[in-house]
Participant: 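Below is a structure I'd like to ask you about.
Numbers here simply count residues along the sequence, with the first being 1. Remember, it's a predicted structure, so these values are computed and weren't measured experimentally.
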Amino acid sequence: MKKTILVSAERGETRVAVLEAKQKGGKRDVAELYIERRGRRSIVGNIYKGKVDNVLPGMEAAFVDIGLERNGFLHVDEIVLPNGEQAPKRGRGSGRRINELIKPGQEILVAVVKDPLKTKGARLSMNLSIAGRYLVYAPQGSGVGVSRRLSDKERDRLRKMVDRTYKGPGGLIVRTAAHGAKKADFVREIGYLQKLNEVLVRRAESTKAPSLVFQEADLSVRVLRDVFLNEFEKAVIDSPKQFERVTSFFQRTAPELVDGVELYEGTKPLFEKWKVNEAIESTLNRRVDLPSGGYLIIDYAEALTVIDVNSGSFTGRGKGGLEETITKVNTEAAEEAVRQLRLRDIGGIIVIDFIDMARASNRDKVLKTMRKALDTDKSKSYVVEVSPLGLVEMTRQNVTDGVREILTAPCPTCHGEGVVLSAETVALEGLTRMRDIAAEKADAEAFLLRVNPKVAHELTDPDSGLTELEEETGKRFHFEGGEALPIDTFELIESGSRSEIEERALPFKVGEEVLVKIDEPHMYNADDAVARIDSYIVSVTGGGRFVGERKLVRIDEVERSAAIASLLGGDSPNGSGGGEENGSQLESSDSSRKRSRGRRGGRGRSRAKQGSKDE
């Protein structure tokens with residue numbers, strides 16, 4: 001499977017896309033996406049000189065100040081003793097307690113193994129490591145380890161080769177990228193990693209905690225270093241600066257790969273040419289369609305991600321019955337679910353609700369398809385058998401924010417809940433608050449409240465209870481506000497005499513001339529039409545034939561939620577409206593619209609649309 005890596009860097013942001021083709025010569029789709037911004041770089045792999053802030057024996061953990069907004073979290077199993085040995089594990093009560101190993105105020109070197117996510121600080125480890133192209137150097141380790149993703153034969157070959165090449169100090173881990181590497185590759189890289197470690201040691205000795213002593217490579221170098229294997233055809237970079245960084249790194253670590261890196265100089269943006277931007281936008285969609293007509297629904301929760309599989313419009317091919325239809329949808333869903341996990345970089349606990357299958361063989365087929373798809377995923381994962389409820393549960397390694405978390409922020413209105421109070425609920429709660437306002441301000445005759453127009457529409461409905469409240473309290477309530485207001489907005493703006501509040505609340509006066517856009521025919525009278533100005537309803541007598549046009553009208557009646565107007569000049573039904581569309585009238589109508597802007601929040605009640613009075 002040939003792959004291509006695209007790197008685009010501009011405006012303080014670097015984006016990397018990994019493209020794969022399922023079949024030889026087939027279309028290459030975006031399989032993985034990585035985004036890093038200047039102010040939000042991943043700190044995984046960084047090494048800090050930190051100061052222990054607090055030790056919690058009950059949690060077997062410590063919080064370490066590494067100079068970030070939140071302290072990092074260090075578990076007892078990640079502690080390394082002063083002599084370089086790993087602290088004994090605390091399983092089943094054995095080993096030493098954490099308060100016996102480190103103390104508050106102690107300065108220690110720690111590596112970040114997981115970025116700060118949501119409300120949690122960075123996950124730390126005292127097992128330091130420096131990553132290269134083929135090897136990972138562990139200054140405090142010993143021996144040689146080899147990636148389990150390699151075949152047994154290749155693992156044995158590489159282990160023997162590295163054992164003969166390097167005798168310490170420290171330990172080495174042979175990476176998946178070392179497949180096919182030669183002795184010269186390891187000799188060159190070991191020298192490179194040891195020089196980096198010497199720099200790390202000098203900085204650690206000369207700096208005070210908390211401080212950064214070693215910074216991991218930026219995104220473009222990091223991704224190409226980790227995933228640019230023999231199966232990749234090329235890497236294309238549109239930034240000369242990033243191109244120089246990548247080629248410089250490969251010249252020191254893997255010269256044979258330099259020729260596979262290209263500088264893109266086309267006029268069309270790189271991601272636009274390869275249609276990567278469409279894939280980025282798709283990561284924000286809740287629904288993902290399948291080729292058969294089925295679809296996935298992806299929902300994110302605090303503790304897990306849920307993927308629901310639906311058959312949608314797929315009804316089968318007429319053979320095999322319902323079971324075959326369901327199995328086909330589930331098989332497609334298994335592949336697409338894994339693709340979405342990689343594309344969106346979803347980690348943690350994941351639950352996939354496949355459509356129920358009656359046969360165990362079909363369930364095994366779907367599970368096998370999913371596990372095969374996960375073989376192409378470089379992130380570690382663990383899949384559990386189908387549960388008694390028909391769910392597939394799995395975990396996937398998550399060390400950094402995914403594309404969705406980087407591109408989006410919680411909704412300021414629903415705060416990530418996905419729902420808001422209905423207009424009817426806010427209106428009903430508002431009636432209670434209005435009763436309290438009337439009691440607190442007994443001297444006032446009327447009140448002006450700021451609400452969302454949908455709430456104002458509910459409140460001015462004849463059956464809302466507002467009329468009864470006004471009769472009971474002897475007060476008058478008016479409303480204003482625009483569509484941009486959150487639905488739960490309910491604020492008292494002004495109180496005073498009835499005439500004062502009406503003067504401010506009502507956008508027009510009887511006889512005023514206003515330029516309006518005729519929006520739609522009247523609901524009950526085809527000859528008339530409706531115009532809206534900031535959600536305030538204006539019923540235009542005789543305006544039915546001018547829908548979509550702008551016309552000058554004269555206000556005949558003004559109500560709390562709506563007004564009735566008639567056309568002026570030659571547009572009036574009788575050919576004359578007592579006024580002419582001269583410059584002074586247009587100026588007057590323009591000023592009227594400016595005064596009305598932002599005042600009216602309510603939509604007219606149904607009988608106001610018919611042209612009848614509110615009172």
Participant: Would you say Met370 and Ile352 make side-chain contact, with heavy atoms under 4.5 Å?
Facilitator: yes
Participant: Evaluate salt bridge (Lys or Arg N to Asp or Glu O under 4.0 Å) for Lys49 paired with Glu107, printing each intermediate quantity in order.
Facilitator: CA-CA 7 Å; Lys49 188 174 185 179; Glu107 294 186 355; 3.6 Å; yes
Participant: Would you indicate whether the side-chain heavy atoms of Arg15 and Ile280 approach each other to under 4.5 Å?
Facilitator: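 Side-chain contact under 4.5 Å: yes.
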Participant: Is there a side-chain contact between Val351 and Val392 in this structure, where contact means two heavy atoms from C-beta onward sitting under 4.5 Å apart?
Facilitator: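 With C-beta onward as the side chain, the pair stays apart.
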Participant: Can the ring centres of Phe63 and Phe73 be said to be less than 6.0 Å apart?
Facilitator: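 Yes; Phe73 has its ring centre under 6.0 Å from that of Phe63.
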Participant: Using the salt bridge (Lys or Arg N to Asp or Glu O under 4.0 Å) rule, take Asp185 and Lys183 through it: C-alpha gap first, then chi angles, then the decisive distance, then the call.
Facilitator: CA-CA 5 Å; Asp185 298 325; Lys183 181 178 179 180; over 6 Å; no
Participant: Heavy atoms, side chains only, cut-off 4.5 Å: are Arg252 and Arg133 in contact?
Facilitator: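 No, every pair of side-chain atoms sits at 4.5 Å or beyond.
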Participant: Give a yes or no answer on whether the side chain of Thr253 reaches the backbone of Phe249 with a donor-acceptor pair at less than 3.5 Å.
Facilitator: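 Yes, the answer is positive, given that a donor and an acceptor are paired below the 3.5 Å cut-off.
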Participant: Pair up each side-chain donor or acceptor in residues 398-410 with any protein partner under 3.5 Å, not counting sequence neighbours, and list the distances.
Facilitator:
residue: Asp401; atom: OD2; partner: Arg40; partner atom: NH2; Å: 3.3
residue: Glu405; atom: OE1; partner: Gly402; partner atom: N; Å: 3.2
residue: Thr408; atom: OG1; partner: Arg404; partner atom: O; Å: 2.5

Participant: Does the pair Val16 and Ile5 meet the rule for a side-chain contact (heavy atoms from CB on, under 4.5 Å), with working shown?
Facilitator: CA-CA 7 Å; Val16 179; Ile5 297 179; 3.8 Å; yes
Participant: Can you name the one residue among Ile307, Leu290, Val309 that meets side-chain contact (heavy atoms from CB on, under 4.5 Å) with Glu336?
Facilitator: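 Output: one option passes, namely Leu290.
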Participant: For Glu154, is there an ion pair with Arg157 - N to carboxylate O distance below 4.0 angstrom?
Facilitator: yes
Participant: Identify whether NZ of Lys or CZ of Arg in Arg175 sits under 6.0 Å from the centre of the six-membered ring of Tyr134 and within 45° of that ring's axis.
Facilitator: no
Participant: Among Glu32, Lys3, Arg342, which residue meets the side chain to side chain donor-acceptor pair (under 3.5 Å) test with Thr376?
Facilitator: Arg342
Participant: When you compare the side chain of Gln397 with that of Ser381, does any pair of heavy atoms fall below 4.5 Å?
Facilitator: no
Participant: Can you measure from CD (Glu198) to CD (Gln194) and round to the nearest 0.5 angstrom?
Facilitator: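 Answer rounded to 0.5 Å: 7.0 Å.
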